[in-house]
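Below is one structure, written out as structure tokens; the observations come after it.
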Amino acid sequence: MAPITLTIKPRVQKDKWSLYWKSSMMTKTEMLDDFTLSIEDPSLMTGAQLKSKVAEQFGWEPVDQLLRLEGFEEPWELAMYKGNEIPSDKTLSDCGIKDDCLVVTVRKVLIAEGWKMIGGGDDDSSTDEEDF
């Protein structure tokens, strides 16, 4: 099979994670600069390997080294092709990627949010909007 070029559109999804409620209180998605990735044979590369290459490109820690906060059970990374998720255990060609195409990837980042119950006001968050 001939080599293909993937245009990667990376995103970072920042979740303000409540330690009290054990859920996301706010989400912000940042678009990073696109880059291309040359793949020798899409039938030999899995979704997990693709996500690993994207993490390597940005110097991110491997997902198995990330600290999972209580209540967070979603996958840390995801890759999408034509609106469908590329499963980690499937090859790119199994997902229909056989020619040059566009792939959107998302890396989730948790920002722990603690609580300060001072004065009972509405502004009881310990994380300012500027920190997020």
Side-chain angles (χ1 to χ4, degrees):
M1 187 170 266
I4 63 168
T5 301
L6 301 180
T7 300
I8 307 294
K9 294 182 117 5
R11 308 290 186 251
V12 173
Q13 176 181 313
K14 293 183 176 181
D15 282 289
K16 189 185 266 190
W17 193 262
S18 170
L19 300 174
Y20 180 79
W21 294 108
K22 299 175 182 68
S23 66
S24 178
M25 303 303 285
M26 183 185 307
T27 301
K28 179 172 30 173
T29 303
E30 296 177 357
M31 296 185 292
L32 305 178
D33 293 333
D34 298 356
F35 67 95
T36 58
L37 195 58
S38 181
I39 308 294
E40 287 301 317
D41 187 351
S43 65
L44 298 177
M45 179 174 269
T46 64
Q49 292 169 323
L50 173 65
K51 291 181 270 191
S52 178
K53 288 244 184 230
V54 173
E56 186 180 296
Q57 171 79 18
F58 289 99
W60 296 332
E61 293 181 59
V63 292
D64 58 351
Q65 294 179 11
L66 297 175
L67 176 64
R68 192 171 285 275
L69 295 176
E70 188 177 351
F72 180 76
E73 299 184 12
E74 300 172 28
W76 288 107
E77 299 174 312
L78 110 101
M80 305 285 289
Y81 169 65
K82 291 188 174 180
N84 295 309
E85 185 173 354
I86 300 170
S88 293
D89 59 342
K90 299 283 186 188
T91 66
L92 300 183
S93 61
D94 289 343
C95 299
I97 300 174
K98 296 176 175 31
D99 298 311
D100 295 355
C101 66
L102 179 103
V103 173
V104 176
T105 62
V106 178
R107 174 71 172 245
K108 296 176 185 170
V109 175
L110 299 181
I111 300 165
E113 165 73 8
W115 290 82
K116 289 183 192 175
M117 301 306 256
I118 300 173
D122 290 334
D123 188 26
D124 58 3
S125 173
S126 67
T127 305
D128 293 327
E129 285 300 314
E130 298 85 46
D131 296 338
F132 185 62

Problem - For the student: nearest non-hydrogen atoms of Lys98 and Pro42, plus distance - result: CA-CG, 4.5 Å
Exercise for the section: Answer whether the closest heavy-atom distance between the side chains of Arg11 and Lys9 falls below 4.5 Å. Expected result: yes
Practice task
In plain terms, say whether Lys108 and Glu74 are close enough for a salt bridge, that is, a side-chain N and a carboxylate O under 4.0 Å apart.
Solution key: yes
Practice task
Measure from the side-chain N and O atoms of Asp15 to the backbone N and O of Trp17, and report whether any donor-acceptor pair falls under 3.5 Å.
Solution key: no
Practice task
Using the ring-ring contact (aromatic ring centres under 6.0 Å, His included) rule, collect all pairs that involve residues 36-60, keeping only residues at least two apart or in two chains.
Solution key: Phe35-Phe58, Phe58-Trp60
Problem - Heavy-atom side-chain contact between Lys28 and Gln13 under 4.5 Å - result: no
Handout entry: side chain to side chain contact (heavy atoms under 4.5 Å, CB included) between Lys16 and Ser24, worked out
Key = CA-CA 6 Å; Lys16 189 185 266 190; Ser24 178; 5.8 Å; no
Practice task
For side chain to side chain contact (heavy atoms under 4.5 Å, CB included), just list the numbers for Glu113 and Tyr20, CA-CA rounded to whole Å, side-chain angles, deciding distance to a tenth of an Å, and then say yes or no.
Solution key: CA-CA 8 Å; Glu113 165 73 8; Tyr20 180 79; over 6 Å; no
Handout entry: Spatial distance of atom CD1 (Ile86) from atom NZ (Lys90) [nearest 0.5 Å]
Key = 13.0 Å
Problem - Sub-4.5 Å side-chain heavy-atom contact between Pro87 and Cys95 - result: yes
Problem - Met80-Val12 co-clustered via ILVMFWY side chain contacts under 4.5 Å - result: no
Practice task
Any chance you could measure Asp100, atom CG, to Thr36, atom OG1, to the nearest 0.5 Å?
Solution key: 10.0 Å
Exercise for the section: Return yes when atom CG of Asp33 has more than 12 non-hydrogen atoms of other residues, nucleotides or ligands closer than 6.0 Å, and no otherwise. Expected result: no
Handout entry: Hphob cluster co-occupancy, Leu32 + Leu6, side-chain heavy atoms under 4.5 angstrom
Key = yes
Handout entry: Full working for side chain to side chain contact (heavy atoms under 4.5 Å, CB included) between Arg107 and Val63
Key = CA-CA 9 Å; Arg107 174 71 172 245; Val63 292; 4.2 Å; yes
Handout entry: Donor-acceptor contact present, side-chain Gln49 to main-chain Thr46, <3.5 Å
Key = yes
Problem - Beyond-backbone contact of Leu50 with Leu92, side-chain heavy atoms, under 4.5 angstrom - result: yes
Handout entry: Option among Val54, Leu37, Ile97, Thr7 that satisfies the side chain to side chain contact (heavy atoms under 4.5 Å, CB included) test with Val103
Key = Ile97
Exercise for the section: Working to the nearest 0.5 Å, report the span between CD1 of Ile4 and SG of Cys101. Expected result: 5.5 Å
Handout entry: Heavy-atom neighbours of Glu70 CD exceed 12 at 6.0 Å
Key = no
Handout entry: ILVMFWY cluster, Leu78 and Tyr81 together (side-chain gap under 4.5 Å)
Key = no
Practice task
Taking the side chain as every heavy atom from C-beta outward, state whether Trp76 and Arg68 have any pair of such atoms under 4.5 Å apart.
Solution key: yes
Fill in the blank from the handout: Those residues at least two apart in sequence (or on a different chain) that pass salt bridge (Lys or Arg N to Asp or Glu O under 4.0 Å) with Glu85 are none
Practice task
Spell out, yes or no, whether Phe72 and Leu19 are grouped together once hydrophobic residues are joined by side-chain heavy atoms under 4.5 Å, including indirect joins.
Solution key: yes
Problem - Salt bridge present between Glu30 and Lys14 (N-O < 4.0 angstrom) - result: yes
Practice task
First locate atom OG of Ser18, then atom CD1 of Ile111, and finally report the distance between them rounded to the nearest 0.5 Å.
Solution key: 13.5 Å
Exercise for the section: Could you tell me which non-hydrogen atom of Ser43 sits nearest to which non-hydrogen atom of Thr91, and how far apart they are? Expected result: O-CG2, 3.4 Å
Handout entry: Listed partners of Asp94 passing salt bridge (Lys or Arg N to Asp or Glu O under 4.0 Å), at least two apart
Key = none
